[in-house]
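Just below is one structure, and these are the notes that go with it.
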2 protein chains.
Amino acid sequence: MLSHQDIWAALDKLAARFSMSSSAMARQAGLDPTTFNKSKRRGNDGKDRWPSTESLAKVLNTLGVSFADFAMLTAQSQAGRLSFAMGANVPLLRLSQAREDGFFDTSGFPVGEDWDEIRVPGVSDDNVFALQIAGDAMLPVLRDGDRAIVSPNANIRRGDRVIIKAQTGEVLAKSFDKMSAGRVQLLSLNENIPSRAFPLADIQWMAKIVWISQ
Amino acid sequence: MLSHQDIWAALDKLAARFSMSSSAMARQAGLDPTTFNKSKRRGNDGKDRWPSTESLAKVLNTLGVSFADFAMLTAQSQAGRLSFAMGANVPLLRLSQAREDGFFDTSGFPVGEDWDEIRVPGVSDDNVFALQIAGDAMLPVLRDGDRAIVSPNANIRRGDRVIIKAQTGEVLAKSFDKMSAGRVQLLSLNENIPSRAFPLADIQWMAKIVWISQ
DNA sequence: GACCAAATAGGTATTTTTTCCTATGGCTAT
DNA sequence: ATAGCCATAGGAAAAAATACCTATTTGGTC
């Protein structure tokens, strides 16, 4: 439930983040310095005052903060499904570029402008879930404690790594090879064993792994 | 730059998403059905009208949409650093639970209420970057085309997988063992080779891998 | 085509937020 | 001690958004 307090609190956090008072932040945004006064957040009649979207936009635009990041400062602070799907821009470099000079400073921080970008996590699936691995049966791809992010709605293609739940209840991680005649051909994750056919009837469901934590 | 058009457009997208007109959405939120009329988004004097945060909150709260997800509908549609850090809640299950009945429907979608939650990606590092793998030198952990998300500011502990850039420019993925006397002990990713010592002087930087795409 | 409900345009009154202004207190520099 | 600046409270005026209302248009059903 988004409330006016949520928005005021987020504005205060934003000011604090830039080491400003709320009046300095208002002033910098071209608003009257008294605009965000605590004394004006509730009327004499006890009625809540909501900062306008125009004032908010002026502040965000002046400070260079995105609307999405501002929304994250509100009390309900986790990103929702949509932001999960759209993801955050993360600088991307190919391995061959990484070998060259000019892409990192001495701490390994990205520098320069020739970086691409990808969206992370970028998983458009409302039914996505995480599976925490136990044991060492799936080493080295999946270690004890690693978390595999699994997307049941994702299309599965050759080479994709998948989680399978068998009718027996067993849960396996495999590499998908192909479908053939009521069977699915699966490879072990370390791929040094020939593919093995599993009858579809033995499988409850199969879903693609999209990310693995490290 | 957040503009009033951004916000209006996002409200229209929201209405469309729920298969409603903007007047139906306003009505459902307890607002006057004419509140979001296109004809009222600009005054006769040409001045832009901004929907109030109060009206917006009423709509979001009625539709059960988070402020963060609404922000994602605006034109600047990528999540920022903060949402990247805080992550989205993803249902989490332990492998042992996954073997039981009652956690998945027949399509592999999560059901039931005994799921934990984790935040994904949950990487609090402004200098995070992605490295796209080429070749098969790091199989099976890192395949050709996989993307490793690398966090230069993350603390590195025993067993963590890291990207190392050598002074020669070579870029390696290894498993961190320990530090000892001006050297770092590193294991191969597939861990069937004894750890090998690299002089720190040979290394430009070393940074932890936090996620790997699949 | 007729009918009805919803959507939309547009005007006015009401409510709400910002602006403008004043006052007070705190902090810093001279 | 004094001056200047900033932060905050508070009041009144101005500006802006919503509520209320009316009229027209649009879309769906029979």
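No hydrogens, no waters, no symmetry mates; every other heavy atom, side chains included, goes into these values.
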Using the side-chain heavy atoms of B:Lys58, tell me which of these nucleotides is nearest: D:dA9, D:dA19, C:dT8. D:dA19

Is a side-chain donor-acceptor pair under 3.5 Å present for B:Arg94 with A:Gln132? no

If you assign each of B:Ser39 and A:Phe36 to its closest nucleotide in DNA chain C, which residue comes earlier from the 5' end? B:Ser39

Are there more than 12 heavy atoms of other residues, nucleotides or ligands under 6.0 Å from atom CG of A:Asn44? no

On DNA chain C, check which nucleotide each of B:Met20 and B:Ser52 is closest to and give me the residue with the more 5' one. B:Met20

Got a salt bridge between A:Asp177 and A:Arg158, using NZ or NE/NH1/NH2 to carboxylate O under 4.0 Å? yes

Strictly below 4.0 Å: does A:Thr35 bring a side-chain N or O up to OP1 or OP2 of C:dT19? yes

Hey, does the side chain of A:Lys47 come within less than 4.0 Å of C:dT15's phosphate (OP1/OP2), counting only N and O? no

Can you tell which of D:dA19, D:dA9, D:dC21 lies closest to the side chain of B:Thr34? D:dC21

Euclidean distance, atom CG of residue A:Asp45 to atom P of C:dT16 [Å, nearest integer]: 7 Å

Kindly say if B:Ser21 contacts the phosphate of C:dA6, meaning a side-chain N or O under 4.0 Å from OP1 or OP2. no

What is the distance from CG of A:Asn37 to C1' of D:dG11, rounded to the nearest Å? 13 Å

Considering every strand and a 4.0 Å limit on heavy-atom distances, what is the contact class for A:Ser55: base, sugar-phosphate, or nothing? sugar-phosphate

Closest of C:dG10, D:dC6, C:dA6 to the B:Arg27 side chain is C:dA6

Given atom CZ of B:Arg42 and atom P of C:dA9, what is their separation to the nearest angstrom? 14 Å

Indicate whether the side chain of A:Thr35 and that of A:Asp32 have a donor and an acceptor atom separated by less than 3.5 Å. no

Using the side-chain heavy atoms of A:Ser23, tell me which of these nucleotides is nearest: D:dA7, C:dA9, D:dA19. D:dA7

Atom CG of B:Asn44 and atom P of C:dG10: how far apart are they, to the nearest Å? 8 Å

May I have the distance from B:Leu56 (atom CG) to C:dT17 (atom P), rounded to whole angstrom? 14 Å

Nearest-angstrom distance from the residue atom CG of A:Asp32 to C1' of C:dT22: 12 Å

Of the nucleotides D:dA17, C:dC20, D:dA7, which one has an atom closest to the side chain of A:Ala24? D:dA7

How many Å lie between NZ on A:Lys40 and P on C:dA23, as a whole number? 15 Å

Interatomic distance, A:Lys38 NZ vs D:dA9 P [rounded to whole Å]: 7 Å

Apply ring-ring contact (aromatic ring centres under 6.0 Å, His included) to B:Phe129 and A:Phe104, showing your working. CA-CA 10 Å; B:Phe129 63 89; A:Phe104 297 100; 5.0 Å; yes

